[in-house]
Undergrad: 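One structure, as structure tokens, below. Some questions next.
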Number of protein chains: 2
Amino acid sequence: MPPSQPNFSTKERILGVAETLFARHGFAGASLRQVTAAAKVNLAAVNYHFGSKESLIEEVFRRRLDELNRYRLAALAAVNANPEHVLEDVLDAFVRPALEQSMDSAGGAAFVRVLARAYAEHDERLRKFLSDNYGHVLREFATAFAHLLPHLDKEELYWRLDIVAGALTYAMADFGMIKRRGETSEATHRERTAEHLIRFAAAGLRA
Amino acid sequence: MPPSQPNFSTKERILGVAETLFARHGFAGASLRQVTAAAKVNLAAVNYHFGSKESLIEEVFRRRLDELNRYRLAALAAVNANPEHVLEDVLDAFVRPALEQSMDSAGGAAFVRVLARAYAEHDERLRKFLSDNYGHVLREFATAFAHLLPHLDKEELYWRLDIVAGALTYAMADFGMIKRRGETSEATHRERTAEHLIRFAAAGLRA
DNA sequence: GATGCGGTCAAACGACCGTTTGAATACTAG
DNA sequence: CTAGTATTCAAACGGTCGTTTGACCGCATC
């Protein structure tokens, strides 16, 4: 739980701790008292800096999602620029940014888990927020997939992508729990895991 | 929300309503007051019949899981009896029982969604309960898959099955949300969806 | 008709929830 | 140094949480 270090601002400490606690206990399950206690800030700080718990949740998403969306769209643009790109390249553009974010930024691994939780929540308010801030990215990927999978009609493609997105999100959320062999380094382990994930998803989409 | 009919016993009404509300709002998000109000039952009835909210949650699982496990193991045994069975048969033995349960028993569709939620919860207590009551089934399926996928080492196989279980659970939870074409009946739609799911998972496992 | 018992009920318990308040403090600009 | 703004703080707000209590009910048994 890194951002309880005092050299981070109150706002950043709250965001960091909230991220890990939401990942661990869910949005309803993690209370503001737990968050502020772990972040070593006053209880009222959440409402002062964010206005409400609901807004805090949204801010937890916005902080990482902005960066993740940028990377994913950039990666997708690079793939589209290559006229000989294949299905695996598009999947790579989707998976790799999340992979890298979960590695460098300290709480990134926790965020991928928060993302997986949001996927499970059928809360109307949260879904609307995510669709507003995230939908255009998924739509761009969907059209990229559509060009590579012309044998699938629109309906078929969409629910298949829904499965893929869910499977990938969940698989990435469990990255930390897949034990790696002793001899391989963390970096190469993740690299190999990503390759497997992509191969799995590509085969499922082509089937 | 069918089991609010008065011809069901108090216990059954609570279980049925709790199932749908847990599916919709999560275990922490659905309160006993919401449950008892929707079930038209006194608040104290939950603690009288189940002891605690925690035990109620476990009972919601136990009720359906017992039946689901029986069906899955029976289907798997039938598959194993056929010496020429293939990967798709084992996947079918896993998917079809959940599919059928989500069709006939009124709250079955909600339960599959509860199962998906439990998959997202990293709560230690709940995971232990599920692993105690569910683990042996997954282990039997794992050995069946192991025989059909000899090219995968044990480590590789296990996290791949983890992905498949997650993807299938989530896909099945969203069954109700995949819109079907107007001309096809509900039964044939589910049949086709199951076939797609199995083909998708089989391709991913073989890749 | 009294006794015992499983079930239901309204009411209350203490704990915890998200949020608000108003005073105390830290910081910055004039 | 001072005035003013931004932040932190302890305390309290009303509300909801899971759980417990004790009275009350219907009903079978003697």
Side-chain angles (χ1 to χ4, degrees), chain A residues 3-63 114 117-118 121 123-126 129, chain B residues 3-63 114 117-118 121 123-126 129:
Chain A
S4 61
Q5 297 158 355
N7 53 330
F8 282 83
S9 76
T10 298
K11 235 176 149 174
E12 286 166 335
R13 285 218 302 277
I14 292 174
L15 283 171
V17 169
E19 190 170 60
T20 74
L21 289 188
F22 285 154
R24 188 139 35 190
H25 305 294
F27 304 112
S31 74
L32 294 186
R33 280 173 171 82
Q34 291 175 267
V35 170
T36 52
K40 294 198 176 86
V41 302
N42 189 272
L43 168 62
V46 169
N47 291 278
Y48 176 78
H49 287 284
F50 300 96
S52 68
K53 183 181 186 180
E54 186 77 31
S55 303
L56 168 62
I57 294 174
E58 293 184 358
E59 203 58 34
V60 167
F61 280 102
R62 199 189 317 273
R63 182 175 63 146
V114 171
R117 260 198 197 271
E121 300 276 342
D123 177 85
E124 206 52 51
R125 189 129 155 49
L126 184 57
F129 171 83
Chain B
S4 60
Q5 297 157 355
N7 53 329
F8 282 84
S9 76
T10 298
K11 231 174 152 176
E12 285 166 336
R13 285 217 302 277
I14 292 174
L15 283 171
V17 169
E19 190 170 60
T20 74
L21 289 187
F22 286 154
R24 188 140 36 190
H25 305 295
F27 304 112
S31 75
L32 294 187
R33 281 175 172 80
Q34 292 175 265
V35 170
T36 52
K40 295 200 175 82
V41 156
N42 189 271
L43 169 60
V46 169
N47 291 279
Y48 176 79
H49 286 286
F50 300 97
S52 69
K53 183 181 185 178
E54 186 78 32
S55 303
L56 169 62
I57 295 174
E58 294 184 357
E59 204 56 36
V60 166
F61 280 101
R62 200 190 315 273
R63 182 175 64 146
V114 171
R117 251 188 205 278
E121 300 277 341
D123 177 86
E124 206 52 50
R125 190 128 154 50
L126 184 57
F129 171 83

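Here the structure is a predicted model, which is why all the values come from computation and not from measurement. Letters A, B, ... mirror the listed sequences (proteins, then strands); counts begin at 1.
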Undergrad: Using a strict cut-off of less than 4.0 Å between a Lys/Arg side-chain nitrogen and an Asp/Glu carboxylate oxygen, indicate whether B/R63 and B/E12 qualify as a salt bridge.
TA: no

Undergrad: Is there a side-chain polar atom (N or O) of A/S31 under 4.0 Å from OP1 or OP2 of C/dC16?
TA: no

Undergrad: So B/K53 and B/V46, do their side chains get closer than 4.5 Å, heavy atoms only?
TA: no

Undergrad: Rounded off to whole Å, could you give me the CZ-to-P distance for the A/F50 and C/dT20 pair?
TA: 16 Å

Undergrad: Atom pairs under 3.5 Å, N or O on each side, protein against nucleotides 6-12 of chain D: can you list them with distances?
TA:
from	atom 1	to	atom 2	distance (Å)
D/dT7	OP2	A/Y48	OH	3.0
D/dT8	OP1	A/T10	OG1	2.4
D/dT8	OP2	A/H49	NE2	2.8
D/dC9	OP2	A/N42	N	3.4
D/dA10	OP2	A/N42	ND2	3.4
D/dA10	N7	A/N42	ND2	3.4

Undergrad: Rounded to the nearest Å, what distance is computed from the CG atom of residue B/N47 to the C1' atom of nucleotide D/dT19?
TA: 5 Å

Undergrad: Just so I know, are the side chains of A/T20 and A/V114 near enough to count as touching, which here means a heavy-atom distance under 4.5 Å?
TA: no

Undergrad: Using whole Å, report how far CD1 of B/I14 lies from C1' of C/dC9.
TA: 13 Å

Undergrad: Rounding to an integer number of Å, can you tell me how far A/K53 NZ sits from D/dT16 C1'?
TA: 13 Å

Undergrad: Specify the separation, in whole Å, of atom CD of A/Q34 and atom C1' of C/dC17.
TA: 11 Å

Undergrad: Would you kindly give the NZ-to-P distance between B/K11 and C/dG7, to the nearest whole Å?
TA: 8 Å

Undergrad: Can A/K11 and A/E59 be counted as an ion pair, charged N to O under 4.0 angstrom?
TA: no

Undergrad: Indicate yes or no: at least one non-hydrogen side-chain atom of A/F129 is less than 4.5 angstrom from one of A/I57.
TA: no

Undergrad: Check side chain to side chain contact (heavy atoms under 4.5 Å, CB included) between A/A45 and all other residues, then give those that pass, not counting sequence neighbours.
TA: A/T10, A/I14, A/V41, A/H49

Undergrad: How long is the line joining CG of A/L21 and C1' of C/dC17, in whole Å?
TA: 16 Å

